Amino acid sequence: MTLATVRGMKDILPPESERWAALEASFRSHAGRYGFREIRTPLLERTELFARAVGETTDIVEKEMYTFTDRSGESLTVRPEGTASVVRAFLDHRPGAGEGPVRLFYIGPMFRHERPQKGRMRQFHQMGAELFGTDAPYADAETIAFLHGFLVGAGLRGISLEINSLGDPECRPAYHARLTEYLAARDAELCDDCRRRRERNPLRVLDCKAERCVRATADAPSILDFLCGPCRDHFAAVEGALASAGVPFSRNPRMVRGLDYYRRTTFEFVIPGMGAQNTVAAGGRYDGLAQLLGGKERVPAIGFAIGVERLLMLLGEGGAASPPADVFLVTTSSALLPDAFRRKMELVAAGVRADMDYEGRSLKSQFRRADRSGAKVVLVLGEEEGRRGAVGYRDMANGIQEEIPAEEAMRRLRGVPKEG
RNA sequence: GUGAGUGUAGCUCAGUUGGCAGAGCACCAGACUGUGGCUCUGGCUGUCGCGGGUUCAACCCCCGUCACUCACCCCA
């Protein structure tokens with residue numbers, strides 16, 4: 001192979017590209033029902049945006065970003081996630097200012113320099129949504145219900161929704177301190193990785209799959225016991241609203257998210273038994289992010305992102321075969337190719353999916369191609385018929401071929417139901 | 001970043017103790033006249049990932065390298 005895609009990047013070919021398009025169309029439709037409108041932000045942002053939003057000490061920022069210095073000496077980064085850009089754009093433009101909550105969704109590629117494996121690419125794609133301007137628990141529930149409805153509608157089965165609250169700056173420090181203390185006392189029982197991350201990110205220890213860590217942290221303090229009054233009320237209200245929205249969920253007080261900006265509600269849709277990449281979609285509330293990025297006032301917000309590759313992987317193959325042609329034109333001699341070409345152009349212009357062979361192959365070969373194209377009708381342009389101003393009109397399903405005036409055939413074909 | 005596995009025709013893959021690179025599918029052409037599917041006959045296609053080494057001889061053994069896949073880490 002002389003040239004290939006860059007590592008971790010993939011071409012998306014038909015018919016797979018058609019499955020992508022169908023999924024995106026479905027997402028747009030669901031989003032529209034909930035009042036979310038599309039936003040398209042640049043793939044490139046100042047490095048500082050992601051460093052501040054995602055968190056300086058996260059793996060994403062520390063070692064996974066595609067960062068480079070452009071010709072003017074500025075450090076730019078190809079986006080590793082969507083929320084930071086959307087928040088930045090929201091603060092820049094204030095769409096819908098003064099009109100209540102703002103709902104935005106996006107679809108597009110993200111880039112992280114990781115080792116590729118199943119369900120994880122360097123260029124991967126997310127469909128996400130962000131709801132700005134309210135910290136009402138109903139906003140959390142609505143956002144999650146939207147996501148749930150979309151996933152179920154897409155045909156995903158066996159998903160489970162896990163939710164948690166990470167508290168806020170009022171109550172999280174106390175829990176953090178308590179957990180750190182708890183883990184310090186059990187240092188010897190933890191795996192090597194966890195001993196390392198105990199100091200830096202103690203929450204992550206709770207998420208460790210190593211058996212010894214699961215055992216060691218079995219009775220670890222739960223964040224939910226440390227929530228302050230407002231956070232506790234919020235979480236309870238979210239649970240209530242989810243229940244009334246008919247969205248099943250379970251609490252997972254050990255759930256950890258990979259980005260620093262989350263607070264209060266976090267959630268994940270997971271598929272049991274999918275291995276390490278079992279999270280299909282995830283999100284949470286990020287009430288402090290706008291201010292962290294320099295916004296003047298507090299903008300409460302909640303959002304999620306769906307991993308498109310993972311979702312498609314879970315949905316499996318099938319569906320979306322390439323659409324068959326409506327009609328295939330054949331000629332008995334290459335002298336008739338100009339006539340056939342003219343008619344094909346005329347049919348396509350009229351919205352008919354018409355195809356033909358340009359290579360002057362044998363009639364038999366043209367029919368073989370017609371058959372493979374899936375065409376329902378073959379139009380035979382023959383010398384004999386031509387002398388009578390007629391064409392052969394063959395129904396490929398039953399093999400019945402009749403000779404009819406050329407214009408009559410064209411009229412019939414134009415009557416074929418159009419797409420869209 | 002760490003570890004393991006795999007790279008052979010357009011695709012899926014065989015290839016024995018080292019001895020002239022194969023199959024199926026696909027594709028092309030035929031099987032009395034100008035007609036598809038089924039069947040039959042014939043035909044085309046290779047940098048055996050790349051670079052070294054061992055050998056009379058390497059797809060096969062050795063070293064290196066790249067790519068892909070899977071797992072770890074982390075994440076959607």
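These figures come from a predicted structure and were not determined experimentally.
- Side-chain atoms of A/Gln117 and base atoms of B/C73 include a donor and an acceptor less than 3.5 Å apart.
- Under the Watson-Crick or G-U wobble criterion, with both distances below 3.5 Å, B/U45 is left unpaired in every strand shown.
- Side-chain N/O atoms of A/Ser365 include one lying less than 4.0 angstrom from OP1 or OP2 on B/A29.
- For B/A29, the OP1/OP2 oxygens have a side-chain nitrogen or oxygen of A/Arg368 closer than 4.0 Å.
- Between the OG1 atom of A/Thr77 and the CD atom of A/Glu48 there is a distance of 10.5 Å, given to the nearest 0.5 Å.
- Within the 4.0 angstrom heavy-atom criterion, only backbone atoms of the sugar-phosphate kind lie near A/Ala282; the bases stay farther away.
- Regarding A/Ile400, its CD1 atom lies at a distance of 16 Å from the C1' atom of B/G37, rounded to whole Å.
- The partner of B/A26 cannot be assigned: no Watson-Crick or G-U wobble pair with both contacts below 3.5 Å exists in any strand.
- The nearest whole Å value for the distance from the NZ atom in A/Lys118 to the P atom in B/A71 is 7 Å.
- The partner of B/C61 is B/G53, by the rule that a Watson-Crick or G-U pair needs both atom distances under 3.5 Å.
- In a base pair of the Watson-Crick type (N1 to N3 plus N6-O4 or O6-N4) or a G-U wobble (N1-O2 and O6-N3), with each distance short of 3.5 Å, B/C68 is matched with B/G5.
- Across the C1' atoms, B/U54 and B/C61 are found 8 Å apart, a figure rounded to whole Å.
- Proximity of A/Lys10 to the phosphate of B/U69: a side-chain N or O atom is located under 4.0 Å from OP1 or OP2.
- Looking at A/Arg310, its side chain comes within 3.5 Å of the base of B/C75 through a donor and an acceptor atom.
- When rounded to the nearest whole Å, the span between CE of A/Met121 and P of B/C68 equals 9 Å.
- Between A/Arg394 and B/G37 there is no side-chain N or O to OP1 or OP2 distance below 4.0 Å.
- Here A/Glu268 lies out of heavy-atom contact (under 4.0 Å) with every strand.
- The residue A/Gly8 sits close only to the backbone: its heavy atoms come under 4.0 Å of sugar-phosphate atoms, none of a base.
- Regarding A/Asp207, its CG atom lies at a distance of 13 Å from the P atom of B/C72, rounded to whole Å.
- Comparing B/U16 with B/C59, their C1' atoms sit 13 Å apart, to the nearest whole Å.
- The separation of B/U17 from B/C13, taken at their P atoms, amounts to 23 Å, rounded to a whole angstrom.
- If you check every strand for non-hydrogen atoms under 4.0 Å, A/Arg120 touches a base.
- Under the 3.5 Å distance criterion, the side-chain polar atoms of A/Arg122 are left unmatched by any main-chain donor or acceptor of A/Met9.
- Between A/Asp192 atom CG and B/G1 atom P the separation is 22 Å, expressed in whole Å.
- Across all strands, A/Val330 comes closer than 4.0 Å to no nucleic acid atom at all (heavy-atom distances).
- The distance between atom CE of A/Met255 and atom C1' of B/C75, rounded to the nearest whole Å, is 13 Å.
- Among the protein residues, A/Ile60 comes within range of no part of the nucleic acid, since none of its heavy atoms lies under 4.0 Å from any strand.
- Looking at the side chain of A/Leu259, the nearest of the listed nucleotides B/A71, B/A76, B/U35 is B/A76.
- In this model, no donor atom of one side chain and acceptor atom of the other lie less than 3.5 Å apart for A/Glu408 and A/Tyr393.
- Of the options A/Tyr34, A/Phe269, A/Phe27, A/Phe36, a ring pair (Phe, Tyr, Trp, His ring centres under 6.0 Å) to A/Phe150 is made by A/Phe27 and by none of the others.
- B/A23 and B/A9: their C1' atoms are spaced 11 Å apart (whole Å).
- Counting any heavy atom pair closer than 4.0 Å across all strands shown, A/Glu385 reaches a base atom.
- In this structure, B/G34 forms no base pair with any nucleotide, since neither Watson-Crick nor G-U wobble geometry is met with both distances under 3.5 Å.
- Nucleotides B/G46 and B/C11, compared at atom C1', are 14 Å apart to the nearest Å.
- Between the P atoms of B/C20 and B/C25, the separation comes to 26 Å (whole Å).
- One can place CD of A/Gln126 at 9 Å from C1' of B/C75, the figure rounded to the nearest angstrom.
- Close to B/C68, at under 4.0 Å from its OP1 or OP2, lies a side-chain N or O of A/Arg7.
- Between A/Tyr175 and A/Phe226, the gap from one ring centroid to the other is short of 6.0 Å.
- Geometric assessment of A/Arg251 against the ring of A/Phe249 yields a negative cation-pi assignment under the 6.0 Å and 45° thresholds.
- Note: A/Tyr66 and A/Phe111 have perpendicular aromatic rings, judged against thresholds of 30 and 60 degrees for the angle between ring planes.
- Of the candidates B/C28, B/U69, B/G36, the closest approach to any side-chain atom of A/Arg369 belongs to B/C28.
- In terms of phosphate contacts, A/Lys364 brings a side-chain nitrogen or oxygen within less than 4.0 Å of OP1 or OP2 of B/G36.
- Under 3.5 Å, the side chain of A/Arg115 and the base of B/U2 form at least one donor-acceptor pair of N or O atoms.
- Of the inter-residue distances, the one linking A/Arg79 atom CZ with A/Arg88 atom CZ reads 11.0 Å to the nearest 0.5 angstrom.
- The residue among A/Glu383 and A/Gly307 whose nearest nucleotide of RNA chain B lies closer to the 5′ end is A/Glu383.
- A/Arg372 comes within contact range of the sugar-phosphate backbone alone, with a heavy-atom separation under 4.0 Å but no base atom that close.
- A/Gly399 comes within 4.0 angstrom of a nucleotide base, judged by non-hydrogen atoms across all strands.
- The partner of B/C73 is absent, by the rule that a Watson-Crick or G-U pair needs both atom distances under 3.5 Å.
- Within the model, atoms CD of A/Glu18 and CG of A/Leu23 stand 13.5 Å from one another, a figure rounded to the nearest 0.5 Å.
- Nucleotides B/C73 and B/C68 place their P atoms 22 Å apart, quoted to the nearest Å.
- Nucleic acid contact class of A/Glu384 (heavy atoms, under 4.0 Å, all strands): base.
- Looking at A/Gln401, its side chain comes within 3.5 Å of the base of B/U35 through a donor and an acceptor atom.
- Residue A/Pro116 places its side chain closer to B/U69 than to any other of B/C28, B/C75, B/U69.
- A/Gly128 comes within 4.0 angstrom of nothing in the nucleic acid, heavy atoms only.
- Within the model, atoms OG1 of A/Thr279 and CD of A/Glu162 stand 8.5 Å from one another, a figure rounded to the nearest 0.5 Å.
- The CZ-P distance, from A/Phe50 to B/C75, rounds to 17 Å in whole Å.
- Where A/Glu309 and A/Ala375 meet RNA chain B, the nucleotide closest to each residue was compared, and A/Ala375 sits on the side nearer the 5' end.
- Separating the C1' atom of B/G7 from that of B/G51 is a span of 15 Å, rounded to the nearest Å.
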